[in-house]
*Asks:* 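Please see the structure below; I have some questions.
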Amino acid sequence: MGRDTIADIITSIRNADMNRKGTVRIASTNITENIVKILLREGFIENARKHQESKKSFLVSTLRHRRNRKGPYRKIFKRVSRPGLRIYSNYQRIPRILGGMGIVILSTSRGIMTGQEARLEGIGGEILCYIW
């Protein structure tokens, strides 16, 4: 794992989905726990639980796959803001992904939330990633 924990989450989930793995193991931090809660609430993953192993905490997430299909569920994750280039947006300019079908995950002054929640509260922040 590198220094960009959000990119590590996205890459782990994308690789597990492409290889039709059922679960993903992610290092547990406050940011990763909040992002996994959003993914769980929005229905992109089925289950998440915390697992501890020799003083290190991990989140074990169960991926959602399409029923009666051979292919994976095909979630598309795109990392927007990165350590070398931070992208910020006010609440009026938060993008709508696929006309509202996808979600935007933001880091705001009130915590990590979706773009729709940030628009309702009237706060902007750093755009972390797009998911559709």
Side-chain angles (χ1 to χ4, degrees):
M1 289 206 183
R3 295 176 188 252
D4 190 6
T5 57
I6 300 165
D8 290 338
I9 295 170
I10 292 170
T11 303
S12 298
I13 293 174
R14 186 184 308 131
N15 289 342
D17 188 45
M18 286 192 307
N19 291 326
R20 298 181 186 164
K21 300 288 183 187
T23 60
V24 177
R25 193 170 131 176
I26 302 166
S28 178
T29 63
N30 289 335
I31 295 172
T32 58
E33 286 179 16
N34 290 329
I35 291 175
V36 167
K37 284 178 189 175
I38 289 173
L39 293 175
L40 185 62
R41 188 174 62 226
E42 295 291 328
F44 288 101
I45 60 175
E46 284 185 8
N47 189 358
R49 68 182 190 281
K50 199 168 188 177
H51 180 70
Q52 189 158 356
E53 206 176 275
S54 68
K55 297 183 182 179
K56 291 187 178 182
S57 295
F58 296 98
L59 290 171
V60 179
S61 301
T62 306
L63 298 179
R64 169 168 277 160
H65 292 282
R66 289 189 280 179
R67 308 284 187 241
N68 301 325
R69 299 277 177 124
K70 293 183 180 180
Y73 182 61
R74 288 293 172 213
K75 295 170 284 293
I76 298 182
F77 293 88
K78 183 177 179 188
R79 177 79 159 113
V80 179
S81 185
R82 51 193 168 95
L85 179 65
R86 303 289 186 186
I87 307 293
Y88 297 95
S89 176
N90 62 9
Y91 77 97
Q92 297 161 336
R93 294 189 180 194
I94 295 173
R96 297 183 195 277
I97 306 303
L98 292 177
M101 302 268 307
I103 63 170
V104 177
I105 297 180
L106 293 152
S107 175
T108 66
S109 59
R110 296 186 192 156
I112 295 177
M113 60 180 66
T114 64
Q116 183 178 11
E117 294 169 350
R119 274 189 226 100
L120 290 175
E121 291 191 23
I123 55 175
E126 180 183 354
I127 300 175
L128 298 178
C129 62
Y130 299 149
I131 303 169
W132 69 91

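Reckoned from all heavy atoms, side chains included, excluding hydrogens, waters and symmetry mates.
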*Asks:* Would you say that Ile127 contacts Pro95 through its side chain, given a criterion of any heavy-atom pair below 4.5 Å between the two side chains?
*Replies:* yes
*Asks:* Side-chain contact test, heavy atoms from C-beta onward, threshold under 4.5 Å: evaluate it for Glu121 versus Tyr91 and give yes or no.
*Replies:* no
*Asks:* Do Ile76 and Leu106 sit in one hydrophobic cluster, given that two such residues count as connected whenever their side-chain heavy atoms are within less than 4.5 Å of each other, even indirectly?
*Replies:* yes
*Asks:* Using a cut-off of 6.0 Å, state whether more than 12 heavy atoms not belonging to Glu42 lie near its atom CD.
*Replies:* yes
*Asks:* Here's a test for you: under side chain to side chain contact (heavy atoms under 4.5 Å, CB included), which of Asp8, Leu63, Ile35 qualifies with Ile13?
*Replies:* Leu63
*Asks:* Hydrophobic cluster membership, with links at side-chain heavy-atom distances under 4.5 Å among I/L/V/M/F/W/Y: are Val24 and Leu128 in one?
*Replies:* yes
*Asks:* Take a 6.0 Å sphere around CG of Asn19 and say whether it holds more than 12 heavy atoms from other residues, nucleotides or ligands.
*Replies:* yes
*Asks:* Ala48 and Val36: which non-hydrogen atoms are nearest, and at how many Å?
*Replies:* CB-CG1, 3.6 Å
*Asks:* In Å and rounded to the nearest 0.5 Å, what is the CD1 to OG distance from Ile31 to Ser107?
*Replies:* 6.5 Å
*Asks:* Let me confirm one number: the CG-CZ distance from Asp4 to Arg82, rounded to the nearest 0.5 Å.
*Replies:* 10.0 Å
*Asks:* Is any side-chain heavy atom of Glu33 closer than 4.5 Å to one of Leu59?
*Replies:* yes
*Asks:* Do other residues, nucleotides or ligands put more than 12 heavy atoms under 6.0 Å from the CG atom of Leu40?
*Replies:* yes
*Asks:* Please evaluate residues Ile131 and Ile38 with respect to the criterion side chain to side chain contact (heavy atoms under 4.5 Å, CB included), reporting the C-alpha separation (whole Å), side-chain torsions for both, the decisive distance (0.1 Å), and the verdict.
*Replies:* CA-CA 11 Å; Ile131 303 169; Ile38 289 173; over 6 Å; no
*Asks:* Looking at CZ of Arg119 and OG1 of Thr114, how far apart are the two atoms once the value is rounded to the nearest 0.5 Å?
*Replies:* 8.0 Å
*Asks:* Please name the pair of heavy atoms, one in Ala16 and one in Thr23, separated by the smallest distance, quoted to 0.1 Å.
*Replies:* CB-O, 4.4 Å
*Asks:* Would you say Ile10 and Ile6 make side-chain contact, with heavy atoms under 4.5 Å?
*Replies:* yes
*Asks:* Check whether any side-chain N or O of Arg79 sits under 3.5 Å from a backbone N or O of Ser81 as a donor-acceptor pair, and report yes or no.
*Replies:* yes
*Asks:* Quick one: does Arg64's side chain have a donor or acceptor within less than 3.5 Å of a partner on Gly43's backbone?
*Replies:* yes
*Asks:* Check step by step if salt bridge (Lys or Arg N to Asp or Glu O under 4.0 Å) holds for Arg110 and Glu117.
*Replies:* CA-CA 11 Å; Arg110 296 186 192 156; Glu117 294 169 350; over 6 Å; no
*Asks:* Same cluster or not: are Val80 and Met101 linked, directly or through other Ile, Leu, Val, Met, Phe, Trp or Tyr residues, by side-chain heavy atoms under 4.5 angstrom apart?
*Replies:* yes
*Asks:* For Arg41, does the CZ atom sit with more than 12 other heavy atoms under 6.0 Å from it, leaving out its own atoms?
*Replies:* yes
*Asks:* Would you give the length of the straight line joining atom OG of Ser61 to atom CD of Glu46, rounded to the nearest 0.5 angstrom?
*Replies:* 11.0 Å
*Asks:* Is any side-chain heavy atom of Ser28 closer than 4.5 Å to a side-chain heavy atom of Lys50?
*Replies:* yes
*Asks:* Looking at Ala27, is its backbone amide N or carbonyl O close enough to the side chain of Thr32 to form a donor-acceptor pair, meaning the two atoms are under 3.5 Å apart?
*Replies:* yes
*Asks:* So do Ile97 and Val104 actually touch side chain to side chain, heavy atoms under 4.5 Å?
*Replies:* yes
*Asks:* Only one of Leu39, Thr11, Ile105 clears side chain to side chain contact (heavy atoms under 4.5 Å, CB included) with Phe77; which?
*Replies:* Leu39
